Amino acid sequence: MKARSFQDRLNDPVLRYVHQDYPRILCTDTVAEALHRVQHSQITSRIVYFYVVDAEDRLCGVLPTRQLLLRAPHTPVAELMIRKVISLPQTATLLEALELFMFHRLLAFPVVDEKGRILGIIDVDLFTKELTDLAQVEESDDIFQILGVHLRELREANLLGAFIGRLPWLLCNIGGGLACAMLGALFQQTLDRMVVLALFIPVVLALAESVSMQSLSLTLPVHEPWRMSWPKWFGLLRQEGMVGAMLGTTSGAIVAAVAWAWQWSGRLALTLLASIGLSVAWAAMLGLSMPIALRALQRDPKVASGPVSLALVDVTTLVLYLALASWFFT
């Protein structure tokens, strides 16, 4: 039977590749008890991180080696451990594990079930053994550089595959551009009556696009969409919407002031202030939501988020700008 290649195994459940040979420390331990526990754990693999669990094996935190070795023996582990631990859900795939290594540049991740119980550890050695001899790589940055190159090669396995994978999302830009042209035709009377409105279309679109891409770039590497809960998403959406509203109001006020000083038109200034403020807030929330939505649809957010977000931002921003202009100038 032919052995499966590394690429063929990328969609395998990550649970197939975890190991149990790692040090467990109880959250009720002191430093002295934790050291004693590690010394008698009979671990044969290299120790990367010290994971802290409770009596039911639920992951509570990770204990830095420096803290374990240098703190007083009577110090409780619970006071020293880092409680925010980046982990993988048991439903994750090997490809998602590879992406997480690239995003966070850690050497190992715990895999947990829905109750937070630790099921095992996935180590970066799993990938380095597939890609290169780890003994030849002295710096951790070199490891992640190799992983990044290989991940890109896996996503673009051949010329035709890379072309087919990217073209549909570029069609979003084409569709968005054509839609904007049609919108211009629909609002032609408004533009003919106030030609100066057309002069500000590029700056209105550019501001919304820029904020959308900023939100997008901040979301992709930080938040794992497969772990995003509704309360967390709403909280992030509210925060990003408020930031976008502040950015939009400030930017809109600057552009409106310039337009008023240039054209002496209060209606034009009000149109720019309202449209930029609203469109930038909307663009920020859209940029945050797009990677999460695409991940839910089983699409690659790093390839598709940009084109889809820009197309939607352009169309909605132009609709808002021209609609407000029609209302203010009637």
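Along the sequence shown, the residues carry numbers beginning at 1. In this text, all values refer to a predicted model and were calculated from it rather than measured experimentally.
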Are any side-chain N or O atoms of Ser41 and backbone N or O atoms of Val38, one a donor and one an acceptor, separated by less than 3.5 Å? yes
Which of these, Leu59, Ile122, Leu119, sits in a side-chain contact (heavy atoms from CB on, under 4.5 Å) with Pro110? Leu59
Residue among Asp314, Leu183, Leu324 satisfying side-chain contact (heavy atoms from CB on, under 4.5 Å) with Val319: Leu183
Before you tell me yes or no, could you show the steps for Phe200 and Thr271 under side chain to side chain contact (heavy atoms under 4.5 Å, CB included), namely the whole-Å CA-CA distance, both residues' side-chain angles and the distance that decides it to 0.1 Å? CA-CA 11 Å; Phe200 287 92; Thr271 299; over 6 Å; no
Does any N or O in the side chain of Gln239 come within less than 3.5 Å of the main-chain N or O of Leu236, such that one atom is a donor and the other an acceptor? no
Are Glu209 and Leu310 packed together at the side-chain level, in the sense that at least one heavy-atom pair is separated by less than 4.5 angstrom? yes
Does Leu270 share a hydrophobic cluster with Trp260, counting links as ILVMFWY side-chain heavy atoms below 4.5 Å and allowing steps through other members? no
Would you say the side chain of Glu33 lies within less than 4.5 Å of the side chain of Thr28, judging by non-hydrogen atoms? no
For Ala281 and Gly241, the nearest pair of non-hydrogen atoms, with its separation, is CB-O, 4.1 Å
Could you check if a side-chain atom of Phe187 sits within less than 4.5 angstrom of a side-chain atom of Ser326, using non-hydrogen atoms only? yes
Walk me through whether Val53 and Leu26 qualify under side chain to side chain contact (heavy atoms under 4.5 Å, CB included). CA-CA 5 Å; Val53 298; Leu26 291 179; 4.1 Å; yes
Could you give the distance from CD1 (Ile82) to CG (Leu63), rounded to the nearest 0.5 Å? 8.5 Å
Can you name the closest pair of heavy atoms from Val31 and Ala72 and give their distance? CB-O, 3.5 Å
Heavy atoms, side chains only, cut-off 4.5 Å: are Leu199 and Trp262 in contact? yes
Distance from Leu70 atom CG to Thr75 atom OG1, nearest 0.5 Å? 11.0 Å
More than 12 non-hydrogen atoms from neighbouring residues, nucleotides or ligands closer than 6.0 Å to NE2 on His19, yes or no? yes
If two hydrophobic side chains count as joined below 4.5 Å and joins carry through other members, does Phe50 share a cluster with Val111? no
Would a distance-only check, ignoring hydrogens and angles, find a side-chain to backbone donor-acceptor pair under 3.5 Å from Arg83 to Ala78? yes
Count I, L, V, M, F, W, Y as connected when their side-chain heavy atoms are under 4.5 Å apart, and connections chain through other members. Are Val280 and Leu322 then in the same cluster? yes
Hey, does Leu286 have a side-chain heavy atom less than 4.5 Å from the side chain of Thr316? no
Tell me the closest heavy-atom pair linking Val204 and Leu272, and the distance in Å. CG2-CD2, 3.9 Å
What are the two closest heavy atoms between Arg37 and Asp29, and how far apart are they? NE-OD2, 2.8 Å
From NZ (Lys84) to CE (Met81), nearest 0.5 Å: 15.0 Å
Please answer whether the main-chain N or O of Ala208 pairs with a side-chain N or O of Ser212 as donor and acceptor at a distance below 3.5 Å. no
Verify same cluster id: Leu207, Leu320 (apolar side-chain graph, 4.5 Å): yes
Nearest 0.5 Å, please: how far is OG1 in Thr317 from CH2 in Trp282? 9.0 Å
I'd like to know if the side chain of Tyr321 reaches the main chain of Ser279, judged simply by a donor and an acceptor atom lying under 3.5 Å from each other, with no hydrogens or angles considered. no
Would you call Leu35 and Leu69 a side-chain contact if the rule is heavy atoms closer than 4.5 Å? yes
What do the steps show when you test Phe329 against Ser265 for side chain to side chain contact (heavy atoms under 4.5 Å, CB included), and what is the final call? CA-CA 11 Å; Phe329 283 94; Ser265 172; 4.3 Å; yes
Nearest-0.5 Å distance that lies between atom CZ in Arg24 and atom CD1 in Ile121: 8.0 Å
State the NE2-OG1 distance between His74 and Thr30, to the nearest 0.5 angstrom. 9.5 Å
Count I, L, V, M, F, W, Y as connected when their side-chain heavy atoms are under 4.5 Å apart, and connections chain through other members. Are Tyr22 and Leu88 then in the same cluster? yes
Phe328 side chain near Leu268 side chain, heavy-atom distance below 4.5 Å: no
Show the numbers, then the answer: is there a side chain to side chain contact (heavy atoms under 4.5 Å, CB included) between Gln90 and Leu15? CA-CA 6 Å; Gln90 62 179 347; Leu15 280 179; 3.8 Å; yes
Nearest heavy-atom pair of Ile47 and Pro23: which atoms, and what distance? CG2-CG, 3.8 Å
Taking every non-hydrogen atom, the tightest pair across Glu56 and Asp54: N-OD1, 2.9 Å
